[in-house]
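What follows is a single structure, written as structure tokens, with notes after it.
Counting begins at 1 with the first residue of the sequence.
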Amino acid sequence: MLLLCTLLLSWLPETWAQQGTQPHSIKIEGDITLGGLFPVHSRGPAGVPCGEIKREKGIHRMEAMLYALDQINSDPDLLPNITLGARILDTCSRDTYALEQSLTFVQALIQKDNSDVRCSNGEPPIIPKPERVVGVIGASGSSVSIMVANVLRLFAIPQISYASTAPELSDKSRYEFFSRVVPPDSYQAQAMVDIVKAMGWNYVSTLASEGNYGESGVDAFLQISREAGGLCIAQSIKIPREPKPGGFDKIIKRLMETSNARGVIIFANEDDIRRVLEAAKRANLTGHFLFVGSDSWGAKSSPILDQEDVAEGAVTILPKRASIDGFDNYFTSRSLENNRRNIWFAEYWEDDFKCKLTRAGIKYDLGRRKCTGEERIAQESQYEQEGKVQFVIDAVYVMAHALHSMHLDLCPGSMGVCEKMDPVEGSKLLQYIRSVNFNGSAGTGVMFNENGDAPGRYDIFQFQLSNTTNPGYRCIGQWTNYLRLNAEEMQWSGGDSAVPDSVCSFPCELGERKKMVKGVPCCWHCELCDGYQYQLDELNCDMCPFDMRPMPNRTGCRSTPIIKLEWSSPWAIIPVFLAVLGILATSGCIITFIRFNNSPIVRASGRELSYVLLTGIFLIYLITFLMIAEPSAPVCAFRRLLLGLGMCITYSAMLTKTNRIYRIFEQGKKAVTPPPFISPASQLIITFILIGVQLLGVFIWFGVVPPHTIIDYEEQHPPNPEFARGVLKCDMSDLALVLCLSYSIVLMVTCTVYAIKSRGVPETFNEAKPIGFTMYTTCIVWLAFVPIFFGTAQSTEKMFIQTTTLTVSMSLSATVSLGMLYIPKVYVIIFLPEQNVQKRKRSFKAVASAVTTQLSQKEDKQNGESKSSTIVPDRSQ
């Protein structure tokens with residue numbers, strides 16, 4: 001790098017000599033000379049280093065340095081008897097051009113060998129010694145400062161910038177002689193992150209002008225946002241130095257690919273900001289984007305000129321500053337006559353007053369009026385102090401205070417510059433610069449940290465149009481290591497005070513979990529916790545316990561309601577109605593039989609077994625009430641006992657009857673002696689033995705599994721948990737219920753078999769035919785019961801349907817038995833008493849002979865019917 005600088009220095013004087021001119025610069029004589037770098041002109045088009053003059057960023061800032069020098073030189077307490085001079089150069093807003101210009105500052109530090117150079121008379125030439133610059137004020141743009149700092153560090157020349165904010169310049173291993181009176185973009189980026197979070201945004205895009213300022217600013221924002229968490233970057237777009245036609249329209253189109261990211265963080269120069277706003281307006285997206293601009297936007301009007309509606313609501317940041325009244329008085333008093341030291345002031349004058357001066361060698365433009373020289377700044381032209389004027393003044397004062405402290409230490413009591421400060425050693429001066437601490441032009445403290453950076457102090461502005469009498473930028477907060485934002489003073493597009501959203505995904509509703517998008521922690525899809533799930537946390541759903549169901553908003557679980565079969569339910573009313581009728585009818589039969597206990601019909605029907613059978617029928621009707629009653633341990637015990645017992649008693653008595661009839665008439669075919677065990681006592685013993693088997697099984701069941709209640713949450717567990725219910729029931733499964741009835745079914749089937757075998761017995765003989773019809777009908781009832789009972793196993797109304805089916809089937813089977821066997825007898829006893837008379841007795845031999853005769857006649861007459869008189873066997877035998 002040193003070799004490159006030497007070559008450039010050897011080349012530049014020759015080039016200037018060929019051009020017949022020196023570099024455009026301002027020279028202010030003084031005991032100590034400071035350098036100055038300002039963007040007096042904008043970047044020129046291709047092939048031309050400089051373009052149009054920059055009135056605010058260029059002339060205002062440069063004049064601020066001249067103003068500061070005047071103030072310092074007139075201050076008897078600061079650098080007394082020492083005058084500060086200056087060499088001020090134009091960077092033309094271009095880093096390469098600024099590098100060439102800044103080589104002027106180091107000419108005095110390069111030793112050139114002129115021993116072989118002689119004048120025409122043989123004498124050595126007298127070469128004026130170039131001025132020595134002890135420090136440089138500038139530059140403005142970060143890319144320019146970086147380029148210049150790389151040269152100045154080689155010659156140990158301190159540099160103080162008034163506007164360069166790139167975080168890269170805080171790296172003292174590369175830019176150890178660089179300092180700045182403005183905070184770096186890392187502070188600005190932190191402030192912008194705090195602003196974004198304060199507005200509740202978590203999904204934004206970034207825009208950066210290509211170059212150190214834009215790219216390093218966005219990089220700092222990205223790094224801080226990653227460290228802070230909770231903020232995602234939708235897109236990070238770079239604006240090229242030389243955008244192609246339509247380039248900004250493509251940028252807007254890219255931003256709209258993630259349209260939810262309405263917030264746009266923009267680190268860009270004024271021209272790029274203006275063209276972004278223009279492209280958004282062309283795309284008819286006025287009011288969509290919510291810009292958060294860096295200090296390059298600040299509170300300037302030029303970036304938003306004619307694009308105010310698009311920029312409405314933009315939040316911008318600017319290092320805390322104040323307008324310097326002394327500078328306003330100084331600058332507005334400048335004229336062509338009293339400001340000849342500024343070689344660019346005439347050009348500024350023409351641009352500011354839109355007139356033309358007559359200058360030698362420059363053709364007069366007939367399209368513009370001639371300047372009179374009597375124009376006055378701020379009276380005949382618009383004037384507003386540029387935002388960085390304060391920092392330019394502070395930078396010059398930093399140099400002055402550092403030199404003052406250095407002079408006090410190295411030249412105590414000396415008037416003017418002593419030998420120890422001639423020349424000024426740059427590394428020592430740097431130490432004094434870093435140690436300064438004074439109140440600056442705005443009354444705020446000026447100091448540096450270990451990286452040569454000023455503390456972060458920012459004002460937060462918002463550009464407002466609606467609902468305000470004075471449209472423009474309004475200060476809405478400050479940032480000094482932490483954010484103070486007045487949210488109530490913010491206004492957005494259309495005057496709305498509510499902060500617009502810039503989020504990837506909106507918060508999920510209650511009962512919904514976030515399903516995160518891979519790689520984008522701020523984006524998610526909301527999924528409802530369905531079924532029996534509830535929201536465990538924002539990312540997970542979990543199943544409710546088996547006895548609970550989710551709350552309506554699914555934020556927790558609640559107990560599942562417990563139900564049972566109510567007496568008022570339609571499923572209970574019909575069985576109860578049938579049972580009541582059956583109990584009344586059965587009770588009527590029992591009472592009738594007891595009242596007419598010795599009547600021939602009662603005696604002929606077998607009184608003992610009839611009472612047993614009627615008791616079984618009564619219990620069958622009674623079980624309906626136990627099946628509907630609220631389950632409890634006693635109720636469950638009686639259910640187990642009586643569910644099968646009533647049917648067992650009924651069919652045990654019927655089986656004993658049919659078996660007796662079958663044996664009597666089978667025995668009558670073979671012999672005249674009666675079969676054994678046909679007496680009433682024998683019949684009762686057989687019946688009770690059959691009943692005892694059922695009771696034994698039930699009591700074993702009691703011992704193995706004591707009766708208790710359970711709550712079945714699976715039975716009524718539909719997909720919609722709002723309809724979930726826990727069913728209070730006894731601990732009888734479908735299989736246990738079938739096993740409980742299975743013995744009775746066996747008795748019923750056996751009885752049916754005997755009824756079929758006895759179908760050939762003449763009608764006049766006992767109850768064979770009625771019992772047969774009873775068993776056939778009962779079988780049909782129970783065959784219908786099976787598919788209904790087991791076919792509803794998956795129904796949500798399973799308990800109700802099965803209970804109703806079971807009780808109705810049992811009531812029907814009891815009713816069939818009652819109706820076939822006893823209602824006709826009761827009818828005869830009550831309404832046809834004349835038929836309730838004793839017939840003549842017959843011995844078993846006579847009965848057997850009569851039966852044999854009738855059977856023979858039946859065989860002879862296949863289609864006929866016996867009309868013989870009624871034979872009533874003697875039951876007492």
Side-chain angles (χ1 to χ4, degrees), residues 36-39 56-58 60-62 64-65 68 91 93 135-146 148-149 158-172 175 177-192 211-214 216-217 220-221 267-270 293-300 316-324 327 385-399 401-402 433-434 436-461 478-481:
L37 292 171
F38 296 92
E56 288 82 14
K57 279 192 173 183
H60 282 205
R61 293 179 182 180
M62 189 270 295
M65 181 174 179
T91 65
S93 307
V136 175
I137 305 300
S140 177
S142 295
S143 58
V144 176
S145 289
I146 288 172
V148 173
Q159 175 186 2
I160 303 177
S161 174
Y162 49 82
S164 298
T165 56
E168 181 182 352
L169 289 165
S170 297
D171 185 358
K172 294 303 111 177
Y175 309 105
F177 283 87
F178 178 85
S179 304
R180 50 186 163 192
V181 291
V182 290
D185 285 338
S186 55
Y187 292 159
Q188 181 176 199
Q190 179 66 64
M192 296 172 82
N212 290 98
Y213 172 77
S216 60
F221 181 87
F267 281 85
N269 57 53
E270 295 179 31
S294 63
D295 60 347
S296 61
W297 186 333
K300 299 171 187 172
T316 59
I317 189 170
L318 196 62
K320 198 170 186 63
R321 64 182 186 180
S323 181
I324 310 303
F327 176 78
Q385 187 179 125
E386 201 276 332
K388 294 293 194 299
V389 164
Q390 167 198 341
F391 300 108
V392 175
I393 296 172
D394 288 345
V396 178
Y397 266 88
V398 167
M399 282 289 189
H401 280 281
I433 288 173
R434 297 290 173 79
V436 299
N437 190 342
F438 64 96
N439 286 331
S441 56
T444 56
V446 178
M447 64 193 76
F448 299 101
N449 62 14
E450 65 277 7
N451 294 324
D453 297 327
R457 291 188 288 259
Y458 296 97
D459 284 324
I460 313 298
F461 294 91
Q478 295 83 34
W479 189 93
T480 50
N481 296 323

Handout entry: Criterion side chain to side chain donor-acceptor pair (under 3.5 Å) against R180, the qualifying member of S142, S170, S145
Key =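 Between R180 and the candidates, side chain to side chain donor-acceptor pair (under 3.5 Å) is satisfied uniquely by S170.
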Main chain of [Y], side chain of [X]: is a donor-acceptor contact present, judged purely on distance under 3.5 Å?
X	Y	result
E168	S216	no
N449	D453	yes
Y397	F438	no
K172	F178	yes
S164	A139	yes
Q390	A322	yes

Exercise for the section: Classify the ring geometry between F38 and Y162 as parallel (under 30°), tilted (30 to 60°) or perpendicular (over 60°). Expected result: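 F38 vs Y162 ring planes: parallel.
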Exercise for the section: Please state whether the rings of Y458 and W479 are parallel, tilted or perpendicular, taking 30° and 60° as the class boundaries. Expected result: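 Ring orientation, 0 to 90° scale: tilted.
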Practice task
Report the C-alpha distance between K300 and E56 in whole Å, list the side-chain angles of each, state the deciding distance to 0.1 Å, and finish with yes or no for salt bridge (Lys or Arg N to Asp or Glu O under 4.0 Å).
Solution key: CA-CA 10 Å; K300 299 171 187 172; E56 288 82 14; over 6 Å; no
Exercise for the section: Ignoring hydrogens and angles, state whether a donor on the side chain of S296 or N269 is under 3.5 Å from an acceptor on the partner side chain. Expected result: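 Side chains of S296 and N269: no pair found under 3.5 Å.
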Problem - pair R61-M65: side-chain heavy atoms closer than 4.5 Å - result: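 Contact flag for R61/M65 side chains = no.
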Problem - S179 and P158, any side-chain heavy atoms less than 4.5 Å apart - result: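 No, their side chains stay 4.5 Å or more apart.
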Exercise for the section: Nearest 0.5 Å please: distance from the CD atom of Q478 over to the CZ atom of R457. Expected result: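 Between atom CD of Q478 and atom CZ of R457 there are 12.5 Å.
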